[in-house]
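Structure first, then comments.
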Amino acid sequence: MIDIKALRDDPDVGRHSQRARGADETLVDRILAADAEQRSLLTAFETLRAEQKAISKSVGKASPEDRPAVLAQAKALADGVKEAEAAADAARTELDALLWQMPNIVVDGVPEGGEDDYVVLRHEGTIRDFDAEGFAPRDHLEIGEGLGGIDMARGAKVSGSRFHYLVGLGARLQLALLNAAMDRAIAHGFLPVITPTLVKPEIMAGTGFLGAHADEIYHLPVDDLYLVGTSEVALAGYHSGEIVDLEAGPLRYAGWSSCFRREAGAGGKDNRGIVRVHQFDKIEMFVYTTQEEAAAEHERLLAWEEEMLQIAGLPYRVIDTAAGDLGSSAARKFDCEAWVPSQGTYREMTSTSNCTTFQARRLGVRQRTQDGSTRPVATLNGTLATTRWIVAILENHQREDGSVEVPEGLRGYLGGLAELRA
RNA sequence: GGAGAGGUGACAGAGCGGCCGAAUGUGACGGUCUUGAAAACCGUUGUUGUGCAAGCAACCAGGGGUUCGAAUCCCCUCCUCUCCGCCA
């Protein structure tokens, strides 16, 4: 939810943001019109209501002979009050509907445009030259199957396409990766949390996932619950409706959960292997901080993501995502993309978003300020490790004979194992 | 799943259909006292919307209803606790 007061004061900021996203600019003006309508109807109702309350109060004090007259007067007002209230409620509902459609205001400096208009901030690490080494890199599935670590066929048999089993070394590699990520998070002051993976509609809506990409989300109609696509959802909901204390610094949580995505729009993309699956596991950083600190915290989250990529020994690049490719709740987003040799391209491994006050407004997360008043906090999230990393790790560290060298930073999490070999 | 009890402000805990946004206690904050602290005493202490402001309005789990008027009466839903059953 954007700040309606700020929009009233300076609608152009909203219009600019919409334009940068390639979204509908007229939404801003429709919101302002609905806002003006709502406030005028609310004032009308409140005035009538105050009058009614005054008269109602006098009923009890009226003398027996006056009472019938006062009662009649009060009765006459009741219908009008109800009508005015209904009108004000309807206007509020309409305004809310429009407000909930409005995505977050993008931060100044975010590149304009769509998916392909990202800006590459830098490259890190060295890409292996397989030609020079004298062999063609296998793709992650071939390596994984060779190790007995990934089983797509049985995943499909049991659950359908885009489901997989991680077995033996595959399972151990994922656990190693996630444990390493959690340990780093703890070292940086995050509180580890294992979250629910089913959440209520208002929580899912509050995080901004039920907008344009609602068809990505699994819904269980019998119980009206949603399967989370990331523990960000459960961690954003954790303090919903609360006034949190940020006096001692930001609240940093590291969530561990399975994540579920319908991949409805994926078409025939990434059909092979575990690059894009319906269910995977992830360690996610989630931070509640002040509006002033949000941008600096965003940089820190990015740095911690990069630390993990270095532990996994992956060459990667960092991109500043274009406005049109931001989720509805993000004001800015950095992705780290690791090199995937078999594809000859970079693929997203981490994504960190600064949601400013957008989610906090929707979920009612506020802080107490020095002067005793309250105001929305800022929320941020970022990936520390996911199942997909296995793709990059297997491919970048493969050897000609099909074995895989374990990056040094992960060996301790694999019982000291230096290589994966069938 | 069955039976019962209950959900009120940061917490504990009152609350006859109108004088209840809500007693009282604790906590927190400010002050008096004190060399300092404790104790004692005095005062302050919910959120939101709207309005230039005074103010007005809303909120007592959530949603409907009755009434001139609902924290208080009725209905539905959710959650918590106790007991029983069932199943990991």
Side-chain angles (χ1 to χ4, degrees), chain A residues 1-10 31-100 102 194-206 219-226 234 237-248 251 258 288 291 357-377:
Chain A
M1 183 90 64
I2 55 156
D3 182 354
I4 181 69
K5 286 177 187 163
L7 197 69
R8 268 179 220 153
D9 293 346
D10 193 354
I31 287 172
L32 291 174
D35 176 51
E37 172 79 356
Q38 188 273 143
R39 279 188 293 159
S40 109
L41 286 172
L42 181 65
T43 306
F45 157 66
E46 287 186 348
T47 308
L48 265 180
R49 179 73 167 145
E51 196 182 333
Q52 184 201 27
K53 281 181 76 166
I55 294 174
S56 281
K57 256 179 199 167
S58 70
V59 168
K61 290 169 194 144
S63 62
E65 51 271 24
D66 290 345
R67 183 160 303 196
V70 177
L71 250 169
Q73 200 185 351
K75 237 173 218 168
L77 264 177
D79 282 345
V81 170
K82 262 187 188 138
E83 245 170 66
E85 183 172 26
D89 282 352
R92 180 77 235 180
T93 303
E94 196 180 321
L95 173 61
D96 281 342
L98 288 170
L99 271 176
W100 278 71
M102 177 86 185
I194 294 171
T195 69
T197 45
L198 285 168
V199 300
K200 296 180 182 182
E202 64 263 31
I203 301 297
M204 189 55 88
H219 180 224
L220 279 61
V222 174
D223 300 290
D224 198 17
L225 290 171
Y226 291 89
Y238 191 64
H239 286 300
S240 60
E242 297 181 15
I243 296 172
V244 296
D245 186 0
L246 297 178
E247 284 296 301
L251 298 175
S258 290
Y288 297 86
Q291 299 168 22
T357 59
F358 188 84
Q359 290 179 330
R361 279 180 205 285
R362 292 181 165 211
L363 290 166
V365 188
R366 293 165 297 164
Q367 67 167 132
R368 183 81 57 189
T369 59
Q370 293 287 341
D371 66 9
S373 62
T374 66
R375 63 168 191 167
V377 303

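Sequence lines set the chain letters: A, B, ... in the order given, protein chains first and strands last, and positions in each chain run from 1. Just the heavy atoms: all of them, side chains too, but no hydrogens, waters or symmetry mates, feed the values below.
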| query | B:A57 phosphate, OP1 or OP2: any side-chain N/O from A:T43 under 4.0 angstrom? | reply | no
Scanning both residues in full, the closest heavy-atom pair of A:A87 with A:L41 reads O-CD1, 3.8 Å
Whole-Å distance, A:E247 CD to B:C29 P, equals 13 Å
If pairing means Watson-Crick or G-U wobble with both distances under 3.5 Å, then the partner of B:C78 is B:G7
Under a 3.5 Å limit on both distances, the Watson-Crick or wobble mate of B:A12 is B:U24
Partner of B:G51 under the Watson-Crick or G-U wobble criteria, both distances under 3.5 Å, comes out as none
So, does A:D245 use its side chain to make a donor-acceptor pair with the main chain of A:E247 at under 3.5 Å? yes
Please measure how far the C1' atom in B:G25 lies from the corresponding atom in B:G18, and state the result in whole Å.
-> 28 Å
- Considering only the C1' atoms, how many Å lie between B:G85 and B:U66, rounded to the nearest integer? 39 Å
Rounded to whole Å, CG of A:D89 lies from P of B:G63 at a distance of 11 Å
Please check if the side chain of A:Q291 supplies one atom and the backbone of A:P376 the other of a donor-acceptor pair under 3.5 Å. yes
In whole angstroms, the gap separating C1' of B:U50 from CD of A:Q38 amounts to 9 Å
Under a 3.5 Å limit on both distances, the Watson-Crick or wobble mate of B:U35 is none
So, the side chain of A:S240 versus the backbone of A:G237: is there a donor-acceptor pair under 3.5 Å, distance only? yes
In whole angstrom, give me the gap between the P atoms of B:A10 and B:C84. 36 Å
Re B:G43: Watson-Crick or G-U wobble partner, both distances kept under 3.5 Å, found to be B:C29
When rounded to the nearest Å, what value does the distance between C1' atoms of B:A38 and B:U48 take?
-> 40 Å
Shortest non-hydrogen pair, A:Y226 vs A:P201, comes out as CE1-CA, 3.6 Å
From CG of A:L41 across to C1' of B:A57 the rounded distance in Å is 15 Å
Re B:G1: Watson-Crick or G-U wobble partner, both distances kept under 3.5 Å, found to be B:C84
Rounded to whole Å, CG of A:D35 lies from P of B:U50 at a distance of 7 Å
Between CD of A:E242 and C1' of B:C11 the distance, given in whole Å, is 15 Å
Spacing of the P atoms in B:U77 and B:G1 (rounded, Å)
12 Å
**Study point:** Short side-chain N/O contact to B:U50 OP1/OP2 from A:R8, under 4.0 Å
**Key:** yes
- Does the distance from a Lys or Arg side-chain N to an Asp or Glu carboxylate O, for A:K5 and A:D9, drop under 4.0 Å? no
From CG of A:L42 across to C1' of B:G55 the rounded distance in Å is 15 Å
Testing B:A58, B:U47, B:C56 for proximity to the side chain of A:R366, the answer is B:U47
Worksheet item: On a whole-Å scale, what distance lies between the P atoms belonging to B:U8 and B:G15?
Response: 14 Å
Which of B:U50, B:A57, B:U47 is nearest the side chain of A:A50? It is B:A57
Closest heavy-atom pair, A:Y288 versus A:L246, reported as atoms and distance to 0.1 Å, is O-CD2, 3.6 Å
Between A:R39 and A:R375, whichever has its closest RNA chain B nucleotide further toward 5' is A:R375
Checklist entry - Distance between the C1' atoms of B:C68 and B:G17, in whole angstroms? => result 12 Å
RNA chain B nearest-nucleotide lookup for A:K5 and A:T47: closer to the 5′ end is A:K5
Between CD of A:E46 and P of B:A58 the distance, given in whole Å, is 8 Å
Original post:
Considering only the C1' atoms, how many Å lie between B:C78 and B:U24, rounded to the nearest integer?
Top reply: 31 Å
* Would you mind classifying the nucleic acid contact of A:R368 as base, sugar-phosphate or nothing, using non-hydrogen atoms under 4.0 angstrom? => sugar-phosphate
Original post:
Is the backbone N or O of A:A205 less than 3.5 Å from a side-chain atom of A:R362, with the two atoms forming a donor-acceptor pair by type?
Top reply: yes
Here the pair of heavy atoms bringing A:E202 nearest to A:L363 is O-CD2, 4.1 Å
Tabulated below should be each protein N or O lying under 3.5 Å from an N or O of nucleotides 65-69 of chain B; please produce it.
residue: B:C68; atom: OP1; partner: A:K75; partner atom: NZ; Å: 3.1
residue: B:C68; atom: O2'; partner: A:S56; partner atom: OG; Å: 3.0
residue: B:C68; atom: O2; partner: A:S56; partner atom: OG; Å: 3.3
residue: B:G69; atom: O4'; partner: A:S56; partner atom: OG; Å: 3.4

A:T374 near the nucleic acid: base, sugar-phosphate alone, or nothing, with a heavy-atom cut-off under 4.0 Å? sugar-phosphate
